[in-house]
Each structure stands twice: as C-alpha cells, then as structure tokens.
Protein chains: 2
Amino acid sequence: MPTTTLTKTSFSIRDLAAEFDVTARTLRFYEQKGLLSPGRKGASRVYSIADRARLVLILRGKRVGFSLDEIGEMLDMEAITNQNPSALVDMLERFHERIDALNHQREDIDAAITELEAGRTWLEDRLAKREPSEEIKHRARAFEALAAARMNVWTGASPEPGSHDTTS
Amino acid sequence: MPTTTLTKTSFSIRDLAAEFDVTARTLRFYEQKGLLSPGRKGASRVYSIADRARLVLILRGKRVGFSLDEIGEMLDMEAITNQNPSALVDMLERFHERIDALNHQREDIDAAITELEAGRTWLEDRLAKREPSEEIKHRARAFEALAAARMNVWTGASPEPGSHDTTS
DNA sequence: ACTCACCTTTACGCGAACGTCAACGTAAAC
DNA sequence: GTTTACGTTGACGTTCGCGTAAAGGTGAGT
C-alpha cells in the first residue's frame, strides 16, 4: 500500500504554488502553454489531484532539462493517440532519443559531481592549513593541471541528442 | 596510460566549434563572459589544449543545468584563491549545495527515465497491435491513471537546493 | 458599506544565451 | 589581381521562462 497518502483532493493556485515553491504566475503560464488545465469555480482555478500530478511531472521535466514545449508533448499522450501510426513512430523515436539523452546526462552529472568533490576537498584543504599565498597559487595551478590531465579521459566532443553520433 | 590521445595541441575557432557542435559565436560569447581566454595569432583566436579542456567543463556544466556565470565562478579557482577565508567558506558551502543539487538531479533523471520507459512501452504496444480507436482512448486514459496512481509515491514538493531561501 | 485578502486577465519587461546581419581584415588559391 | 574561405568586432534581434505592474472582480469579516 501507499507510502504516503494525500489528505486534500483539490487545490487552489496558492496551495500548489506554496507546495512546489513556484509562483501563481508560473502556474497560469503553464496553463496558458497548455500544460495544465485546471477546473474553474467561478473565475478561480481549481486544481485536481491529477493536475497536481501533472505539475510534478512538469517540474521534474524542467529539472532534467526539458523545455516546456517538450514536456507538453510528452505529457499529452491522448493527443498522440489520435495521430496516425507514422506519427506514433516519430514519437517513439523521440522517446528513445530522450531516454538516451537522459542516460548520457546521468554520466555528465556523475562527472560533474566528481569534479565538484575534487574542488570541495581542494577548498577544504585550503581552509584547514592556511598556506602562504605563493603556495596557494601553486595549488590553484595544480587544480588546473588536474583538469588538463583529464583531457585524455574526456575523449572529446559530446554526443548531442538528436544526432547520428557514434559515441566513443 | 590514456584511453584516448589527442593529436592536435592547438585549435582554431572552427575546430572547436565543429568538434563540440557549437557555433563560433558561442565561443566568442564565452570568451566575452570570461569563461575562455584563448591566445591570438594576429587577430585570430588560437585555442590551447587547456582552453579546450575548459570548454569541455563549460559544456558539461551547461548540460547539468548550471548558468554560465556559475560555471565561470566554479572554473576560476585562481580568483577564489585570492579571496579571504570567509569567501572560501562561502564558496565551500555553495559547492556543497551544488553537489546536493546534482545528487537530487540524479534521482530526478532516474525517475524521468522510468516514466519515459513506461511511455515507450506504451507506444510500442500501441504500434504492435493496432486496436480500435475506442480502445486506444481507453489506454490513453490508463496512462494518465498510471500517473495519478503514482501520486502516493511522489509524496509532494521537491526539496530545493537552498532550503529556506526567499527567491523573489 | 468598507476593508482585506485573494483571485482574475492583459500586457509590457527582462535576463540569459545565443542568432544574425553588417562591415571589414587577411591569407591562401586560382 | 581577385575570388574564396575564414577570421574579426559591433550591434541589434530572438526565444524561453517567467516577473511585474495595472486594473479589476469576489467573497468573508467587521
């Protein structure tokens, strides 16, 4: 059974804004882009639990680097359904591309974390034993050198999403 | 024992642009922002192997969601070195935040991949056995329902990197 | 009735990250 | 010499993702 259960079943624009740390403007903007379509009580927006779910997906999509338009496409499966088979094939291909891109992005993230960790320990060392500024400069260059040394590992260009790349 | 070795040791603006699939304009822009500082041969830019290394870091930083300004700060360790200890502490804290954010982002990516995989299999099923459009619509709603069902797992808001910050 | 809090739409503004001319220099190739 | 290819520096244009008023509606509390 569920790990967590939600108490509420419908939300005001402020509810969601506060919960997900976005502004009301943002939610209206998403609606205007067709990403959300909350109900109305009078003129006021009323977000269902499904709207909230979509918002979660939207925000996560954003965090992993998708544009709002891309997110819109991916979310709107019903619209896809009404397409002809060839459109479905196109969409499928784009899903594959997306998945590949995300997998690649994971590697990027891991690499970035590694580098930040290196920078962190470097900073911590710096703080622990305050060496003369001459030595400091030397270390700074050492860090640059580290970057240069990794050249061999990096291999080179980045296979961008949507290209016919032969990933090294 | 490097996995790959680079033949060239200096590069033209076109070389790098082609290799990393960016425009020359982009490289000039990065230079203008202080992220790169290639040498000159006459008026033309000459990029060293270290410049190329920086570019790799810049592009990766971009892919994982950093702004160019942020990347600039992180890359410019020498400048940091000349700061006073308190500035170093600040920087260290920001490194920690960044690392946390990246770890969180990994989870997001994994979740996004899971969802895209779900969408993929759904699409593939759609293509395999072409059911009547009535059934199709039903399935479409099933996918939406799947999203709704996950609500319980999602728990809610995303813990953002600067916990209690008032980002107006 | 009046304030207050919260909602609405419309619309212009903005910073980031470039794109896209325009106008020009330069160096090798024909 | 002149065409071709590539380089340069401005400088303005564009897209995205909202921010920020401006002007007003709606219901609850006093």
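First the proteins, then the strands, lettered A, B, ... as listed; each starts at 1.
Of the candidates dC7(C), dC18(C), dC18(D), dC18(D) carries the atom nearest the Lys62(A) side chain, counting heavy atoms from C-beta on. Comparing atom distances between the Lys33(B) side chain and each of dA17(C), dT9(C), dG7(D) picks out dA17(C) as nearest. Counting only heavy atoms from C-beta on, Asp69(A) has its side chain closest to dC16(D) among dA16(C), dC6(D), dC16(D). With distances taken from any side-chain atom of Ile13(A) to the nucleotides dC18(C), dT9(C), dC7(C), the minimum falls on dC7(C). Closest to the side chain of Phe29(B), from the set dC18(D), dG7(D), dC18(C), is dC18(C). For Ser67(B), the listed nucleotide lying nearest its side chain is dA17(C); candidates were dA17(C), dT9(D), dG19(C).
In this structure, Ser12(B) reaches the dG7(D) phosphate: one of its side-chain N or O atoms is under 4.0 Å from OP1 or OP2. Remark: Tyr30(A) is in phosphate contact with dC18(D), judged by side-chain N or O atoms under 4.0 Å from OP1 or OP2. Side-chain nitrogen and oxygen atoms of Thr23(B) include at least one within less than 4.0 Å of the OP1 or OP2 phosphate oxygen of dG19(C). Using a 4.0 Å cut-off, some side-chain N or O of Arg45(B) falls inside it from OP1 or OP2 of dT8(D). In this structure, Thr26(A) reaches the dG19(D) phosphate: one of its side-chain N or O atoms is under 4.0 Å from OP1 or OP2.
Judged purely by atom type and a 3.5 angstrom limit, Asp15(A) uses its side chain to pair as donor or acceptor with the backbone of Ser12(A). Proximity of a side-chain donor or acceptor of Arg54(B) to a complementary backbone N or O of Leu35(B) within less than 3.5 Å is detected.
Taking atom CG of Leu27(A) as the reference point, atom C1' of dC6(C) lies 15 Å away to the nearest angstrom. Atom pair Arg14(A):CZ and dT26(D):C1' shows a separation of 15 Å (rounding to whole Å applied). Spacing between atom CD of Gln32(A) and atom C1' of dT15(D) amounts to 15 Å, rounded to whole angstrom units. The CG-C1' distance, from Leu55(A) to dC18(D), rounds to 15 Å in whole Å. Rounded to whole angstrom, the span from the CD1 atom of Ile71(A) across to the P atom of dC16(D) amounts to 13 Å. Rounding to whole angstrom units, CG of residue Leu35(B) and P of dA17(C) are separated by 9 Å. Remark: P of dT9(D) and CD of Glu31(B) are 7 Å apart, rounded to the nearest angstrom.
Nearest heavy atom pair, residue Arg60(B) against residue Ala112(A), reads NE-N, 4.2 Å. The heavy-atom pair separating Leu116(A) from Arg98(B) by the smallest distance is CD1-CB, 3.6 Å.
In this model, a side-chain donor or acceptor of Arg25(A) finds a partner on the base of dT20(D) within 3.5 Å. Judged by distance alone with a 3.5 Å cut-off, no donor-acceptor contact links the side chain of Arg28(A) to the base of dT8(C).
With Phe95(B) as the partner, the side-chain contact (heavy atoms from CB on, under 4.5 Å) test is satisfied by one option alone out of Glu97(B), Met91(B), Glu93(B): Met91(B).
The residue among Tyr47(B) and Ala43(A) whose nearest nucleotide of DNA chain D lies closer to the 5′ end is Tyr47(B).
Note on Arg28(A) versus Glu31(A): no salt bridge recorded, every NZ/NE/NH1/NH2 to OD/OE distance being 4.0 Å or above.
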